[in-house]
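Shown next, in structure tokens, is the structure this report addresses.
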Amino acid sequence: MSETPVRVRIAPSPTGPPHVGTAYIALFNYAFARSQGGKFVVRIEDTDQARSSRHYEEAILRALRWLGLAWDEGPDVGGPYGPYRQSERLPLYQHYAQELLERGAAYRCWCSPERLEAVRQQQRQAKLPLRYDGHCRTLSAAEIAACLRQGQPYVVRLKVPSRGETVVHDAFRGAIAFDNQQLDDQILLKSDGFPTYHLANVVDDHLMRISHVIRAEEWIASTPKHVLLYQAFGWQPPVFMHMPLLRNPDRSKISKRKNPVSLDYYRRQGYLPEAICNFLGLMGWSMPDEREIFSLEEMVQAFTFERIRLGGPIFDLQKLDWLNGVYIRRLPPEELVRRLYDQLITPLLHRLRDTLYLRRLIPLLQERLPTLGDFHSLAAYFYQTPLRYDPALLVPKGRSARETANVLAGAAEWLQRYEGPWQDAELESCLRAYLESTKWDARSLFMSLRVALTGRTASPPLFATMEVLGRELCLTRLEDAVAALQKQS
RNA sequence: GGCCCUAUCGUCUAGCGGUCUAGGAUAUCGGCCUCUCACGCCGAAGACACGGGUUCGAGUCCCGUUGGGGCCA
């Protein structure tokens, strides 16, 4: 049944920061490989010299590793079919281009950019599809020899059959037929000796024994050219599976103009890698039991391509936020502290590092964090001194500033005299006793206190917050609030 | 424009001919909990793009239209 071992790959171009689309495709390659006991390969497609950089390559690998999508073979770990960087495989492509030439499946083309532009111009005017007109396809042996002798630079083009059709078998969509007349005589080898995507991709997938090409839908249109190449070489093509394309909210292909796409962004923002994987696993795929929260391992366990949907899913930040919050809430507090340090290296955290303070805040903040990054604004009043806020917030509806000042001053005095433990439940009893002595309602008093102590109208529960802030800071802040109100009235 | 892909609530999706007066999640709105927020719980509103077939029966199969998207420029 299993004729060929499952080997899949992702082939990112290191021309920019790690992209969420790369992670998406990597996830499904990974899940398929693992579920089949196959191999997952990373190959770097860096034949675009001008735009590729080692810096981006490292960033991409780092991001994939961060997500937990470990690969079996790749530029960093090596493997039996290396090298795994196309820039280190150049002679291979030249060799295979030569083979194509010899087999008559490709030809050299000496057309100048000017001529090509002129042809295109004409086709545009005649409203014809814009394709190479095949000028050099028909060069005689003598003409070719002459050009070669003169050492003129040339490109190598694929000789697409002028008739018939090329059928692409997509495992999700079935047979897709392309009229050969619609296909361009694609350039395979550029005049500088570098291969184009099409040649390098096919040669490498074959040499690396890739069994299934799982890639994004945007590649469907170039697949017939790849099929033609496999045929020309006499190679068995892999199984093609084109995943739907992630979309912006306006349904266009996901792009940085309309949606954050860098995995580095999501990491810095404080999204957990497991939440991102889970979220991507929900894009076009679902668990058999409709569970929405699942780990990478669980996805692998349950993985099957039958559950793929082909409509392009919109990358919805709102749902990601919810999911991320779920994962943050599930973290053991110690682990959350560790993640905060790992993912959010900031001056604030450095300051807190030597204290147990952070550990004490965590229970108050954990269920209020959509992302780790929200820690900064949520925790601000635990370390900022003095607090900055609008004193008007201290005054409840229907009360005057003067009244409020008196009640807060009273509370400060009451707390001053209080000698019990500075703890949640005890503080509540203490302040409820104080509440009795005023004519205020709990809601108003506690809101005033909340604003005085945190500078906000929304905070974690008041008494637990007071416990963490500590007696001294609480009393200082109450005095500050009273002073601010007195200055106002 | 040509070729190709695609189509269930705003969004992610379940559904693989009858159990669908279409289920879940998220977002939204309302309620409960409550010192506020959040979490949690309960509830409301919200979709099979349209038209033809096939069939006893279609969200589910086929064709077309329309919408969306990709590729080539």
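Chain naming here is simple, since letters A, B, ... match the order of the sequence lines and numbering starts at 1 in each.
- In this model, the phosphate group of B:G40 is approached by a side-chain N or O of A:R329 to a distance below 4.0 Å at OP1 or OP2.
- With sequence neighbours excluded, no residue satisfies salt bridge (Lys or Arg N to Asp or Glu O under 4.0 Å) with A:D316.
- Spacing of C1' atoms, B:U66 relative to B:G31, comes out at 42 Å, to the nearest Å.
- Shortest non-hydrogen contact noted between A:L282 and A:E292 is CD2-O, 3.8 Å.
- The gap from the P atom of B:U36 to that of B:A25 amounts to 27 Å, rounded to the nearest Å.
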For residues 167-187 of chain A, please give each side-chain donor-acceptor pair under 3.5 Å, one per line with the distance, not counting sequence neighbours.
residue : atom : partner : partner atom : Å
A:D170  : OD1  : A:F172  : N            : 2.8
A:D170  : OD1  : A:R173  : N            : 2.9
A:D170  : OD1  : A:R173  : NE           : 3.4
A:D170  : OD2  : A:H242  : N            : 3.2
A:D170  : OD2  : A:H242  : ND1          : 2.8
A:R173  : NH2  : A:H242  : O            : 2.1
A:D179  : OD1  : A:Q181  : N            : 3.0
A:N180  : OD1  : A:T166  : N            : 3.3
A:N180  : OD1  : A:T166  : OG1          : 2.5
A:N180  : ND2  : A:R163  : O            : 2.7
A:N180  : ND2  : A:G164  : O            : 3.4
A:D184  : OD1  : A:Y132  : N            : 2.8
A:D185  : OD1  : A:R137  : NH1          : 3.2
A:D185  : OD1  : A:V160  : N            : 3.2
A:D185  : OD2  : A:Y107  : OH           : 2.5
A:D185  : OD2  : A:R137  : NH1          : 3.0
A:Q186  : OE1  : A:K225  : NZ           : 2.6

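- Counting only residues at least two apart or on different chains, the side-chain hydrogen bond (donor to acceptor under 3.5 Å, both in side chains) pairs with a member in residues 459-485 of chain A are A:R450-A:S459.
- Checked by distance alone, A:R368 brings a side-chain donor or acceptor within 3.5 Å of a matching partner on the base of B:C37.
- Across the P atoms, B:G53 and B:G40 are found 50 Å apart, a figure rounded to whole Å.
- The CZ-P distance, from A:R173 to B:C71, rounds to 14 Å in whole Å.
- Taking only side-chain nitrogens and oxygens, A:S459 never comes nearer than 4.0 Å to OP1 or OP2 of B:U36.
- No contact: A:S444 has no heavy atom under 4.0 Å from any strand.
- The C1' atoms of B:C3 and B:A58 are separated by 31 Å, rounded to the nearest whole Å.
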Contact state string [nucleotides 25-31 of chain B, B base, S sugar-phosphate only, - no protein heavy atom under 4.0 Å]: BSS----

Could you tabulate the donor-acceptor pairs under 3.5 Å formed by side-chain atoms of residues 404-420 of chain A, not counting sequence neighbours?
residue : atom : partner : partner atom : Å
A:T404  : OG1  : A:S400  : O            : 2.8
A:W414  : NE1  : A:C430  : O            : 3.0
A:Y418  : OH   : A:P421  : O            : 2.6

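- Taking the centre of each ring, A:Y327 and A:Y271 stay at or above the 6.0 Å mark.
- Between B:U60 and B:G23, the distance separating the two C1' atoms is 15 Å to the nearest Å.
- At the phosphate of B:G24, neither OP1 nor OP2 sits under 4.0 Å from any side-chain N or O atom of A:R291.
- Scanning for salt bridge (Lys or Arg N to Asp or Glu O under 4.0 Å) contacts around A:R291 gives A:D289, A:E298, with sequence neighbours left out.
- An OP1 or OP2 oxygen of B:G68 is reached within less than 4.0 angstrom by no side-chain nitrogen or oxygen of A:R247.
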